[in-house]
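Dropping a structure here in structure tokens format, bear with me for questions.
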Amino acid sequence: MKILLNNIHTEITNGISISELLGVQQIQAERGVAIAINNTVIPKATWSEYILKENDKITVIRATQGG
């Protein structure tokens, strides 16, 4: 199944959740990380339940400090 992960075409297994995707892609789900799918932010509490679909556009957002 194909998705767009941070503007990179990526092939993933059918039926995986956001949490599983993060594990496969070795993305740390630490504090300050948000996930948007098709421009909608998905609550962290539902990442393990949210099943990705063909052609989803996933954006991983990391908060940074600075000024």
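When a residue number appears, it is its place in the shown sequence, counting from 1.
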**Asked** Can you tell me if Glu49 uses its side chain to pair, donor with acceptor, with the backbone of Thr46 under 3.5 Å?
**Response** no

**Asked** Same cluster for Val41 and Val33 if Ile/Leu/Val/Met/Phe/Trp/Tyr side chains link at under 4.5 Å?
**Response** no

**Message:** For a side-chain contact (heavy atoms from CB on, under 4.5 Å) check, start with the C-alpha distance between Ile35 and Leu21, then their side-chain angles and the critical distance, and finish with the verdict.
**Reply:** CA-CA 11 Å; Ile35 303 291; Leu21 174 69; over 6 Å; no

**Prompt:** Where do Ser19 and Ser48 come nearest, in terms of heavy atoms and distance?
**Reply:** OG-N, 3.3 Å

**Request:** Could you tell me whether Lys57 atom NZ has more than 12 heavy atoms of other residues or ligands within 6.0 Å of it?
**Result:** no

**Message:** Working note: Asn6 + Thr59, criterion side-chain contact (heavy atoms from CB on, under 4.5 Å); need CA distance, chi angles, decisive distance, verdict.
**Reply:** CA-CA 5 Å; Asn6 286 348; Thr59 306; 3.8 Å; yes

**Complete:** When rounded to the nearest 0.5 Å, the distance separating CG of Asn39 from CD1 of Ile58 is 11.5 Å

**Prompt:** Hey, what do you get for CD1 (Ile18) to NZ (Lys44), rounding to the nearest 0.5 Å?
**Reply:** 11.5 Å

**Message:** Are the side chains of Ile3 and Asn55 in contact, using a 4.5 Å heavy-atom criterion?
**Reply:** no

**Prompt:** Hey, quick one: are Met1 and Ile27 part of the same hydrophobic cluster, counting side-chain heavy atoms closer than 4.5 Å, chains of contacts allowed?
**Reply:** yes

**Request:** Can you see which heavy atom on Ala29 is nearest to which on Leu22, and at what distance?
**Result:** CB-CD1, 4.0 Å

**Item:** Nearest heavy atoms of Lys53 and Asp56, plus distance in Å
**Value:** N-OD2, 2.8 Å

**CZ on Arg62 to CZ on Arg31, rounded to 0.5 Å** = 16.0 Å

**Message:** I need the Lys2 NZ to Thr10 OG1 distance, nearest 0.5 Å.
**Reply:** 11.0 Å

**Message:** Nearest 0.5 angstrom please: Tyr50 OH to Ile42 CD1, how far?
**Reply:** 4.5 Å

**Message:** Starting from Leu5, can I reach Ile61 by hopping between I/L/V/M/F/W/Y residues whose side chains sit under 4.5 Å apart?
**Reply:** no

